[in-house]
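Written below as structure tokens is the structure these notes are about.
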Amino acid sequence: MTSLFTEHLITSLITVPFAGIVALLFVRGDVWVRRVAMGVALLALGLSAALWWRFDPSIEGMQFVERTSWMENFNIQYAVGVDGISLILVLLTTLLGPLCVLASWTSITSKVKAYMILILLVEGAMIVVFTALDLFLFFMLWEVTMIPMYFMIILWGGPGRIHAGIKFVLYSLTGSLLLLVGILGLYLQTGRSFDIQAMVGYAIPEDVQIWIFSFMFLGFAIKLPMVPFHSWLPDAHSEAPTAGSVILAGVLLKMGGYGFLRICLPILPEASAEFAPYILWLSIVAIIYGGCLALAQSDLKKLVAYSSISHMGFVTLGIFAFNEQGIEGAVIQMFAHGMSTGALFLAIGFLYDRTHTRMIADYGGLQKPMPRFVVLLSIFAMASFGLPGMGNFTGEFLVLLGTSFGGMLKVLLAMSGIVLAAAYMLWMLQRVVLGQPRSSLESLPDLNAREIATLVPLVVGVFVVGLIPATLTTKLDSTVNGLLDRSPGIIESASPPGG
């Protein structure tokens, strides 16, 4: 029984959210809908924890691999597996799932069943994206993630939800179509197979690699999003309900970074090396530009949304540094950003439920009526700008270390983004937390037990990654070294001094 469970652990994990959707169709009453959705999300988290503990960090390749022929005529398989990179992102996905359900417990009062179904649908689809070893399966579920996010925005979003939802879909669909062209190019160049593992090491001519990479880069860059493909993100965040913003910032953005690591670097190494200098400078632009725009915001959610653009710049900066420190830093940054930024959106959502405003100017003096809220908000704000001892610091430090092998100019420019992050987060805290509260804010209730229970796991996660980074790096070492060993073209383009 144990071996059977281990052999099909990923399939069991994937099945749980989709089975939960079917179960919810037959559940009556909003209270029971919430309870069932919470149970399903917690079960998925338990299975991902089992996956985490059973994962052997000394093994370089994929683990828990399952393969079944699906469409034989097109060489399409149901093929899933995890390595250190996908393992961390699967854990992040299943960690945020139950927190999104819990955060929506009282704030969502209409169409509760549909809302919970959408949360489980996007969670299940993202798990497949992070574990798929077949490009057709990867792309199919990549597309599915767009559907629940669209409906969450337009059905439960703010006054501009229609505009934001349509903009999100248009950008996402454009990126997906470009990605599809790249996938079909790989299919034709690698023996008409969608098998990702079989594609690694395939001798694709460099000129062909370049045009395939061009399409895939655009698809992943829109999802990440990189400057100048970012304009859909602030609108989507500002209009989405709280859980939608958490899912969007916490996990969906990471699909772009994951695509670079899973497909572009190992399968298109020469093209990755060719484009790397341009992507590194785009990353620097994103870090500084996102920070400057965040500093100018008067809306709490837009401030955090623009900060995400800056933080994702560190992710691409680390990935295209092409060394162990940079890539591990990028993955840790994705995980830490998912927790800290997800927590900020949760905290802002709890505040909005009480005041129905996100404008920074409408607040002040919250330390008196809401001391527990202020403590938690301050922790996540400091984590966001990379205070030592917190998760974002670990990721950014490793990214900067990896970038330094290629010269210090980029490091110094990227560090200015950290200074900007400290400026806009501390300025936000000063205006929201300090001073005398307005008369309308004096009677605001502090966080209740449910809201504290939603945020505390993320507090623990932020400090664990910051103080014990080996929690993640031990899972990543073999995977990242294997990725670099299988991609000699990128190693030669970015060898550290003396390396």
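Everything numeric in this text was worked out from a predicted model, so none of it was measured. Positions are given from 1 along the sequence.
Taking both residues in full, the closest heavy atoms of V315 and A330 are given as O-CB, 3.4 Å, listed atom of the first, atom of the second, then distance. In terms of heavy-atom proximity, F229 sits nearest to A221 at CD1-CB, 3.8 Å. Nearest heavy-atom pair, I348 versus V304, reported as atom, atom and distance to 0.1 Å: CD1-CG2, 3.7 Å. Considering all non-hydrogen atoms of both residues, A321 and L280 come closest at N-CD2, 4.1 Å.
Residue pairs meeting the ring pair (Phe, Tyr, Trp, His ring centres under 6.0 Å) criterion with at least one member in residues 287-309, sequence neighbours excluded, are H230-Y289.
Counting only N and O atoms by type, the side chains of S58 and D56 include a donor and acceptor under 3.5 Å apart. Of the N and O atoms on the side chains of S176 and E143, at least one donor lies less than 3.5 Å from an acceptor on the other residue.
Shown here are the ring pair (Phe, Tyr, Trp, His ring centres under 6.0 Å) partners of F55, two or more places apart in sequence or in another chain: there are none. Partners of I418 according to the side chain to side chain contact (heavy atoms under 4.5 Å, CB included) rule, which considers only residues two or more places apart in sequence or in another chain, are F314, E396, L400. Looking at residues two or more places apart in sequence or on another chain, you find no salt bridge (charged side-chain N to carboxylate O under 4.0 Å, His left out) involving D134. In this structure V464 satisfies the side chain to side chain contact (heavy atoms under 4.5 Å, CB included) test together with V460, T471, sequence neighbours excluded. Contacts of F463 classified as side chain to side chain contact (heavy atoms under 4.5 Å, CB included), with partners at least two apart in sequence or in another chain: I379, M390, V459, L467.
Taking the charged nitrogens against the carboxylate oxygens, D83 and R262 do have a contact shorter than 4.0 Å, which makes a salt bridge.
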